[in-house]
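Here the structure comes first, spelled out in structure tokens, and everything after it is commentary.
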Amino acid sequence: MRIAPKAIGAACALAMALALAPTAQAANPGNKPQPAPATEVAAHLISPLKVAFGPNGSFLVAESFAGMLTSISSTGARTTLVNEPGQEIAGVSHLNGTTYYFNNDMGSGPEPGAELLPARLMAMDGSGTSRQQADLGDFEAANNPDSATVYGVRDATAECLAEAPWMGPTPGEVFSHPYSSAPVAGGVYVGDAGANDILFVANDGMVSLVKALAPEPVLIDAAVVAAVAQEMNMDVPECMLGHTYYAQAVPTDIAVKGQWLYYTVLPGVPGELLGIGKVYRTQLQSGVTQLLAEGLGAPTGVAVGQDNTVYVAHLMGDGVSTVKNGTTTTVLPAMMASHVAVSGNSLVALTNALDEMNGGSLVTMGLK
């Protein structure tokens, strides 16, 4: 859904927050990052926001706001697979010779989500030929799963809301922004950061709802007031103190391991400013959902190792960390870590993702 600045898809807003906000501490604030033996495979990438292990030892990188999908070899050689300036290329993943990605129309308005635009899940075969598997915008237009959800402050007086109408209750809007994918046998799971839901797209293109994400409650206290004033240059009236703001639960990444679907959430404004991101997992058969960690600095990537270790990339935190018993331990210290993927004993991550001057990097490290 649309609440500006949108947590995902608003690169300028994120870059501004990175420049101004202090680094958010994760669930283990006493943890000090330790150096990790990482290797930079490629540099000067343009807005690299998602990465996947590709065929023949390659890495697939979505250079999202450049409209590019790039294959990078283990030695750093690059091959452009998709080049569509003006489009957003997002959510790359790969399974059994097929590469999946989103080709999202960006729109021309000043605020993301001002209109429902095509949001295409594409499937590329081994020869480089792409076909559209589904348009997630069509599903959102027909269903809008969070249409009955009320975001914002639900119980403030009319007089108080008049002082800050942007904080008032609003229903879920019709907006789709698919941002992450996880292919399995039979189809692809999709995290839609605009619709605030997780979907499944079958191989025949049929789209179904897996889970509509409940709003994330944010208590309006002095920290919220200060963050909104600093980052958004907006005032929160005193009458709002003590109320709860129900922020949009924006899914920033998903991963599937066995019967569990893991996902990271970056609560929308004002939550995206406060370092209160979370990682959950949902049992795909029963729907039971468990909170694995909270208090995370803009978690935008999640991966699960062969030993079920959970890895999280923090765009506004300490880099890439593991999650165990609700606490995090940094395994790859880095700035602006936008994504992480794990395969066997190898970890790959994207760092400095929003560095407009030097570009981002693709780095790898071995796992014990």
Side-chain angles (χ1 to χ4, degrees), residues 6 8-12 14-15 40-109 112 117-137 176-183 188 190-194 201 252-253 300-301 336 338-339 341 348-364:
K6 185 64 182 173
I8 296 300
C12 292
L14 282 171
E40 183 180 63
V41 177
H44 309 299
L45 300 169
I46 304 172
S47 61
L49 297 184
K50 294 294 180 186
V51 63
F53 287 89
N56 305 315
S58 66
F59 306 100
L60 303 170
V61 178
E63 298 183 77
S64 295
F65 300 113
M68 295 174 60
L69 178 61
T70 305
S71 174
I72 302 177
S73 74
S74 59
T75 60
R78 306 185 193 191
T79 302
T80 300
L81 303 179
V82 176
N83 185 11
E84 295 202 27
Q87 297 294 106
E88 180 199 39
I89 302 300
V92 64
S93 59
H94 183 87
L95 181 68
N96 297 334
T98 301
T99 297
Y100 300 91
Y101 64 95
F102 301 112
N103 185 327
N104 297 328
D105 283 16
M106 296 283 281
S108 57
L117 297 170
R120 311 168 190 86
L121 172 62
M122 308 296 295
M124 177 186 293
D125 63 23
S127 68
T129 301
S130 294
R131 63 176 179 84
Q132 179 176 310
Q133 188 159 324
D135 184 340
L136 285 308
S176 178
H177 184 189
Y179 191 72
S180 55
S181 64
V188 184
V190 170
D192 194 323
V201 182
T252 54
D253 198 30
T300 51
M336 292 183 271
S338 60
H339 200 225
V348 61
L350 299 171
T351 64
N352 296 310
L354 297 179
D355 186 336
E356 295 183 359
M357 181 175 297
N358 300 305
S361 296
L362 171 72
V363 301
T364 62

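Atom CE in Met106 sits 10.0 Å away from atom CG in Leu117 (nearest 0.5 Å). A distance of 8.5 Å separates CG in Leu362 from OG1 in Thr351, rounded to the nearest 0.5 Å. A distance of 4.5 Å separates CD of Glu84 from CG of Asn103, quoted to the nearest 0.5 Å.
For the side chain to side chain donor-acceptor pair (under 3.5 Å) test with Tyr101, the passing option among Ser64, Ser93, Ser130 is Ser130; the others fail. Residue Pro183 forms a side-chain contact (heavy atoms from CB on, under 4.5 Å) with just one option from Thr98, Val188, Thr99, and that option is Val188. Partner of Phe65 under the side-chain contact (heavy atoms from CB on, under 4.5 Å) criterion, out of Ile89, Leu49, Ile46: Leu49 alone.
Using a 3.5 Å distance cut-off with no hydrogens or angles, the side chains of His339 and Asp253 do pair a donor with an acceptor. Counted by atom type alone, Ser127 and Asp125 present one or more donor-acceptor pairs between their side chains at under 3.5 Å.
At least one donor-acceptor pair under 3.5 Å links the side chain of Ser73 to the backbone N or O of Thr75. Under the 3.5 Å distance criterion, the side-chain polar atoms of Arg131 are left unmatched by any main-chain donor or acceptor of Ala123. Under the 3.5 Å distance criterion, the side-chain polar atoms of Asn352 are left unmatched by any main-chain donor or acceptor of Asp355. Here the side chain of Ser181 pairs a donor or acceptor atom with the backbone of Gly91 at under 3.5 angstrom. When atom types are taken as modelled, the side chain of Asn104 and the backbone of Ala119 share no donor-acceptor pair closer than 3.5 angstrom. The closest donor-acceptor contact from the side chain of Ser58 to the backbone of Ser71 lies at 3.5 Å or more, if one exists at all.
The closest side-chain heavy-atom distance from Val61 to Ile72 is below 4.5 Å. Side-chain atoms of Asp105 and Gln87, non-hydrogen and from C-beta on, do get closer than 4.5 Å to each other. Proximity of Thr70 to Thr79: side-chain heavy atoms (C-beta onward) are nowhere separated by under 4.5 Å. Annotation: side chain of Val92 is in contact with side chain of Leu69 (closest heavy-atom distance under 4.5 Å).
Scanning both residues, Lys50 and Thr252, for their nearest heavy atoms gives NZ-O, 2.7 Å. In plain terms, the two heavy atoms of Tyr100 and Gln133 that are nearest each other are CE2-OE1, 3.6 Å. Heavy atoms only, all atoms of each residue included: Pro178 and Val190 are closest at CB-CG1, 3.9 Å. The two residues Arg78 and Ala42 make their nearest non-hydrogen contact at NH2-CB, 3.9 Å. The shortest heavy-atom contact between Asp192 and Ser176 is OD2-OG, 2.7 Å.
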Test side chain to side chain donor-acceptor pair (under 3.5 Å) applied to Ser47 and Glu63, step by step: CA-CA 5 Å; Ser47 61; Glu63 298 183 77; over 6 Å; no
Residue pair Leu60, Leu81: steps toward the side-chain contact (heavy atoms from CB on, under 4.5 Å) verdict: CA-CA 9 Å; Leu60 303 170; Leu81 303 179; 3.8 Å; yes
Trace of the side chain to side chain donor-acceptor pair (under 3.5 Å) decision for Glu40 with Ser361: CA-CA 7 Å; Glu40 183 180 63; Ser361 296; 2.7 Å; yes
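Under the 6.0 Å cut-off for aromatic ring centres, Tyr179 and Phe102 do not qualify, their centroids lying 6.0 Å or more apart.
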